[in-house]
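Because the structure is predicted, anything quoted here is derived from the model rather than measured. Worth knowing before you read on, the calculation uses all heavy atoms, side chains too, and leaves out hydrogens, waters and symmetry mates. A, B, ... follow the sequence lines: proteins, then strands. Residue 1 opens every chain.
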Protein chains: 4
Amino acid sequence: MARKPADQSVDREDILWAAAEVLHRNGYDSTTMKDIAAQVNLTAASLYHHFKNKDFLLLNVLELGLDFTIEKLETVANADLSNAEKLAGMIRSHVVCVTGNVAVGAAMVFEIRSLLNASLSSKIGDDTFMEEFVARRNQFFARRDYFEGLFRDTIQAGMDTGEFREVDAATVTRAMMGAHNWISVWFKEGGRLSGEELADVMVDTWLAALRK
Amino acid sequence: MARKPADQSVDREDILWAAAEVLHRNGYDSTTMKDIAAQVNLTAASLYHHFKNKDFLLLNVLELGLDFTIEKLETVANADLSNAEKLAGMIRSHVVCVTGNVAVGAAMVFEIRSLLNASLSSKIGDDTFMEEFVARRNQFFARRDYFEGLFRDTIQAGMDTGEFREVDAATVTRAMMGAHNWISVWFKEGGRLSGEELADVMVDTWLAALRK
Amino acid sequence: MARKPADQSVDREDILWAAAEVLHRNGYDSTTMKDIAAQVNLTAASLYHHFKNKDFLLLNVLELGLDFTIEKLETVANADLSNAEKLAGMIRSHVVCVTGNVAVGAAMVFEIRSLLNASLSSKIGDDTFMEEFVARRNQFFARRDYFEGLFRDTIQAGMDTGEFREVDAATVTRAMMGAHNWISVWFKEGGRLSGEELADVMVDTWLAALRK
Amino acid sequence: MARKPADQSVDREDILWAAAEVLHRNGYDSTTMKDIAAQVNLTAASLYHHFKNKDFLLLNVLELGLDFTIEKLETVANADLSNAEKLAGMIRSHVVCVTGNVAVGAAMVFEIRSLLNASLSSKIGDDTFMEEFVARRNQFFARRDYFEGLFRDTIQAGMDTGEFREVDAATVTRAMMGAHNWISVWFKEGGRLSGEELADVMVDTWLAALRK
DNA sequence: CATGAATGAGAGTTCATTCAT
DNA sequence: GATGAATGAACTCTCATTCAT
């Protein structure tokens, strides 16, 4: 979690991490632009220099989180490993990302609906506004599907090679996503389990569920 | 599960089911009293004859959903079954509840935070208001823990009797809760799997994860 | 905290006349909802009970003014008179309307552009919103053309019967509209000329311009 | 009339013509400094190197338009012609100016009110600011009266010499101003009538109205 | 000269809530 | 009970304007 470097130059990404934190605390609707601005020592009006509006700001937060997570995941997904090892690595990656960035993780779980409703409240003003928003939002969802697909494909591949028992890969993947996403709800830094330890438990659980 | 009564006499519970639906669509903050009222052919003002304020209304929705689910669950939890059979039954119960009542299920996942923030924004006006609210909210959370505890205890018992392999019961339970809660996000009535079938997959998955 | 306003019940039309006055003073953009509300002892928020938004309020003001004027005009336009007499009556009607209602008259001259720009800033929210707005706006413009057409037709008819000399009826009509509209800019109640006297001058001028 | 210079060196007058155009499209209040700046490839901040503030910019636009028109008019007004010929020339001059420069013409009609309101919103900060503004604004209005006076005087003179019939010169002049100003509202370049042709119609109309 | 960043002030709008009817 | 009217509070967003670079 990147803190405020100083009080001077605030750039887009600083705002995004700060925003994620506030979002995590209050949820999209209860979070005001003023809240976010305060977190980076700006006024609400100043935020509009960096983001077209609140919806875009949310979208940027989510994109940041997803990009960050996907990047980590792809390293593992592209490695030359057995499907079991690969899945283990992917689960660990995902869980570590979530525990290391609870705020963003939570945003990705809880604010999706706000993202969907967002288009409705968008002004017409500039058609470009909404068009760009919808385009980027769709891309976000596509990448989200891609992300989930990485897990599903690995499970399927493991079934094909006989490493895993036969299951409903799509549903098991969704169960897994749910389990991992839910972490951002209950995980507390400094609790009984570290992020790494939690990742171990998850890996153990899911591999057990899939073992023959 | 049972809703939609006559169109004339609107009672508290009608409003709650309707509210859950709107809440599911829009989220707590984006849902206006007017939205909820419209769903039952009332005006916003009229809602105040039935509920003290919006926060209480939400609390009532959540209580309704939780009571409903716990009731089903206790039937199984108190039955004279092996721990594996019991856990299977509980999972099935939970999943069927969620799939049969996506709206309320989603509310219980997504609007908890609103419930927490609620106390903060409560008007000080009537101390009794807030006191009662906080008391009932705490009770709600206690019952929620109790609900989760039913699962955890069964897993633990299964481990104790040797039916299940040794796992971190608390964490596995949370994984399970996450997986089940997440259902309300993606499940569509009439999709590839019915609620019952989905329940089967979940039972299979979790028992596999716990088998020795 | 709902308070009782001093004035009894304020209805839509009261607001419209008041709004016209403020609009006349400040122009659409410089007029705030608060300004209009203050004029009728309401808060800005209360205006939204009566009008969907500022654009609709303006539209209502203009509709009111146009309806009022057209009604007067049609009485004359449908009477059994020579074209010269008819035109005289119409001019007198128009001028008296404008001088008797400077505020609304001015609104109809100066705020048309705001009406046109209005659609752009309308929210999507409810498609119905914008659709209704555009529909009513178009109807307004159609009625405005109809209004102008009454003059043009009478001039043309007078030319056809030989009462008037040959002129470019459309352009003369526009000159006339301009002259009459402009009255709302400079006319002061209690000045050198009463509304009736001014009407006489206008009638004299235009009939002189058209006489053979 | 002459606009559009190079694209590099932007000077005050370029900005004014550009501003007039934007003003014509949107009106003073809806026109932002950014809009005007964009029209000449500058940023809003840069405009402040050329004009003290938005009010002054508007004032400059109006001054430019009025000076331009008066200059043309004085040529005719000072010529050695009969009053009828003089009035014809003046009308032609005015109409041609308006049709050739719809934007500025419209600004002079529609933005006068903004000019009036401007003083009120002026920041107190620099007294000099407001003093200078008010002084120049008053001068503008004086010149505007002078402009209208040229017409009125010619009509009066024509009545005195018996060229024109007896009318209320002041009121007829205002009717004329209204008719001419209104042109900027409806005139479209490339329409049925050219500016010159429209001028002919106007000359014909007003001389007919004044002929004995 | 030009500009990117920042901001105070304020506008339109929404909404939970109250109260007289 | 039910509702129409009203409102205070709060929010998103805009904009003229300043200033350091």
Q: Quick one: list whatever passes ring pair (Phe, Tyr, Trp, His ring centres under 6.0 Å) with D:Phe140, sequence neighbours left out.
A: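 By the ring pair (Phe, Tyr, Trp, His ring centres under 6.0 Å) rule, D:Phe140 matches no residue at all.
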Q) Who pairs with B:Phe51 by ring pair (Phe, Tyr, Trp, His ring centres under 6.0 Å), at least two apart in sequence or on another chain? A)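 Ring pair (Phe, Tyr, Trp, His ring centres under 6.0 Å) list for B:Phe51, sorted by chain: empty.
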State, with a plain yes or no, whether a side-chain heavy atom of [X] is found less than 4.5 Å away from one of [Y].
{"X": "A:Leu115", "Y": "A:Phe133", "value": "yes"}
{"X": "B:Leu64", "Y": "B:Asn60", "value": "no"}
{"X": "D:Asp35", "Y": "D:Thr32", "value": "yes"}
{"X": "C:Asn53", "Y": "C:Phe56", "value": "yes"}
{"X": "C:Val61", "Y": "C:Glu111", "value": "no"}
{"X": "D:Val134", "Y": "D:Asn138", "value": "yes"}

(Q) Show me the dot-bracket string of DNA chain E, counting Watson-Crick or G-U pairs under 3.5 Å, with | for pairs to another strand and [ ] for crossing ones. (A) .||||||||||||||||||||
Q: Return the 5'-most residue of the pair A:His50, C:Ala44 with respect to DNA chain E, ranking by each residue's nearest nucleotide.
A: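 Its nearest nucleotide being more 5', the pick is A:His50.
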Take atom [atom1] of [X] and atom [atom2] of [N], then tell me their distance rounded to the nearest Å.
{"X": "B:Tyr28", "N": "E:dC15", "atom1": "OH", "atom2": "P", "answer": "13 Å"}
{"X": "B:Phe51", "N": "F:dG1", "atom1": "CZ", "atom2": "P", "answer": "13 Å"}
{"X": "A:Asn26", "N": "F:dA10", "atom1": "CG", "atom2": "C1'", "answer": "14 Å"}
{"X": "C:Leu57", "N": "E:dA11", "atom1": "CG", "atom2": "C1'", "answer": "15 Å"}
{"X": "B:Asn53", "N": "E:dC15", "atom1": "CG", "atom2": "C1'", "answer": "13 Å"}
{"X": "A:Tyr48", "N": "E:dA11", "atom1": "OH", "atom2": "P", "answer": "17 Å"}

Q) How would you list, by chain and number, every residue that makes a salt bridge (Lys or Arg N to Asp or Glu O under 4.0 Å) with B:Arg136, sequence neighbours excluded? A)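 If we apply the salt bridge (Lys or Arg N to Asp or Glu O under 4.0 Å) test to B:Arg136, skipping adjacent residues, the hits are B:Glu63, B:Glu132.
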Q. Within the side chain of B:Tyr28, is there an N or O that forms a donor-acceptor pair under 3.5 Å with the backbone of B:Ala107?
A.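 Not at all, since once roles are kept as given, no pair shorter than 3.5 Å links the two residues.
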Distances under 3.5 Å between nitrogen or oxygen atoms of protein and nucleotides 7-9 of chain E:
residue, atom, partner, partner atom, Å
E:dT7, OP2, A:Thr43, N, 3.1
E:dT7, OP2, A:Thr43, OG1, 3.1
E:dT7, OP2, A:Ser46, OG, 2.5

**Q.** Nucleic acid contacts - residues 29-36 of chain D versus DNA chain E, non-hydrogen atoms under 4.0 Å
**A.**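 Contacting residues: none.
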